[in-house]
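Scope of the values below: all heavy atoms of this structure, side chains included, with no hydrogens, waters or symmetry mates. Residue numbers start from 1 in every chain, and the chains themselves are labelled A, B, ... in the order their sequence lines are given, proteins ahead of strands.
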Amino acid sequence: DTAVSQTPKYLVTQMGNDKSIKCEQNLGHDTMYWYKQDSKKFLKIMFSYNNKELIINETVPNRFSPKSPDKAHLNLHINSLELGDSAVYFCASSQEGGGNYGYTFGSGTRLTVV
Amino acid sequence: GENVEQHPSTLSVQEGDSAVIKCTYSDSASNYFPWYKQELGKGPQLIIDIRSNVGEKKDQRIAVTLNKTAKHFSLHITETQPEDSAVYFCAAGGGGSQGNLIFGKGTKLSVKP
């Protein structure tokens, strides 16, 4: 029973398209996150969200937007995809925010923009 | 905000040897320090963590030490095995204004049989 599940696992798309990545957690956690991992394996926070607050990393382009239909889901929408968006995107969740608890990560979505 | 430096970026050891990965952090308010292991094609997985009220923690072959004064913490893996080969990330959190875990840039550990 997967704790944090992301779909799709692989996504290949053309420049300019709009795409979404879905994330669901069944851990009952309050806070969810999106991270971007580039080719050098650096993990960069994009968003953190609980039912009260969305925190956006100021370096993230506004073409990226998180959408949370409920506490267990945080989907990532990307508009007008660019070549530089190619990366692995990880969803994660934690019991609470604030960096006081470990994160549980999904298995990642490898996005390739051609 | 918090900044986490991790060294080395790559580490190669012989099976059975020990491996040590070191991290430093900048925000003295940080009080939670987890370590993650990422195997090829998978997401990072929490392997051990330590809070600032503890100086050392062990779990079988892995241990983490924390020096709050110097603001550094380390991961120690003893009797390494080929399945320990992975990318390891340290992180710091629980303090400062950013409110999230801040990750180091990772260490690629290779254990040669």
Side-chain angles (χ1 to χ4, degrees), chain A residues 2-7 9-10 21 23-25 27 29-50 52-60 66 74 87-110, chain B residues 1-6 8-11 21 23 25-53 57 59 64 85-110:
Chain A
T2 305
V4 179
S5 59
Q6 294 178 231
T7 54
K9 189 167 177 65
Y10 300 96
I21 306 172
C23 179
E24 176 182 5
Q25 54 98 2
L27 298 166
H29 285 171
D30 279 343
T31 306
M32 297 183 71
Y33 311 85
W34 277 103
Y35 275 82
K36 179 180 180 180
Q37 187 172 49
D38 61 23
S39 58
K40 293 184 178 179
K41 299 293 188 182
F42 301 158
L43 281 166
K44 180 180 171 183
I45 182 77
M46 300 178 70
F47 306 99
S48 67
Y49 180 76
N50 61 24
K52 300 173 187 175
E53 187 178 16
L54 171 67
I55 300 175
I56 303 170
N57 184 321
E58 61 188 13
T59 66
V60 175
L74 185 66
V88 180
Y89 292 83
F90 287 101
C91 177
S93 69
S94 67
Q95 184 175 334
E96 293 177 7
N100 289 299
Y101 295 89
Y103 295 178
T104 301
F105 283 86
S107 57
T109 296
R110 181 174 293 277
Chain B
E2 176 66 276
N3 183 47
V4 177
E5 298 284 340
Q6 182 172 346
S9 56
T10 60
L11 179 59
I21 302 170
C23 288
Y25 61 99
S26 60
D27 187 351
S28 56
S30 289
N31 55 25
Y32 177 64
F33 308 93
W35 285 87
Y36 288 82
K37 176 184 180 182
Q38 185 178 21
E39 297 175 325
L40 198 61
K42 297 184 180 180
Q45 182 178 10
L46 179 68
I47 56 172
I48 194 168
D49 56 11
I50 192 169
R51 295 193 183 273
S52 58
N53 58 347
K57 186 176 179 180
D59 183 3
V64 58
S85 296
V87 178
Y88 291 81
F89 293 94
C90 63
S97 60
Q98 209 158 354
N100 294 314
L101 285 180
I102 303 301
F103 286 82
K105 291 185 176 179
T107 297
K108 183 175 181 180
L109 173 64
S110 299

Worksheet entry | Segment of B:Pro34 engaging chain A (4.5 angstrom heavy-atom cut-off) | neither

Worksheet item: For A:Lys9, is it the side chain, the backbone, both, or neither that has a heavy atom closer than 4.5 Å to a heavy atom of chain B?
Response: side chain

Practice prompt. Against chain B, label A:Gln37 side chain, backbone, both or neither, depending on which of its atoms sit under 4.5 Å from a heavy atom there.
Written response: side chain

Discussion item. Just to verify, what does B:Tyr36 make a ring-ring contact (aromatic ring centres under 6.0 Å, His included) with, not counting sequence neighbours?
Written reply: A:Phe105, B:Phe103

Worksheet item: Can you name the closest pair of heavy atoms from A:Phe90 and B:Pro44 and give their distance?
Response: CE2-CD, 4.0 Å

Worksheet, complete the sentence: Interatomic distance, OG@A:Ser94 vs CG@B:Leu46, rounded to 0.5 Å, equals 11.5 Å

Item to complete: Counting only heavy atoms closer than 4.5 Å, note whether B:Gln38 contacts chain A via side chain, backbone, both or neither.
Response: side chain

Fill in: Region of A:Tyr35 in contact with chain B, defined by heavy-atom distances below 4.5 Å
side chain

Fill in: Exam field: side chain A:Tyr101 to backbone B:Tyr32, donor-acceptor pair closer than 3.5 Å
no

Fill in: Per-residue contact mode, B:Lys105 against chain A (heavy atom under 4.5 angstrom)
both

Practice prompt. Look at the side chain of A:Tyr33 and the backbone N and O of B:Asn100, then say whether any donor-acceptor pair between them is shorter than 3.5 Å.
Written response: no

Worksheet item: Quick one: NZ on A:Lys41 to OG on B:Ser9, what's the gap to the nearest 0.5 Å?
Response: 14.0 Å

Worksheet item: Does A:Asn100 offer a backbone N or O that forms a donor-acceptor pair with the side chain of B:Arg51 under 3.5 Å?
Response: yes

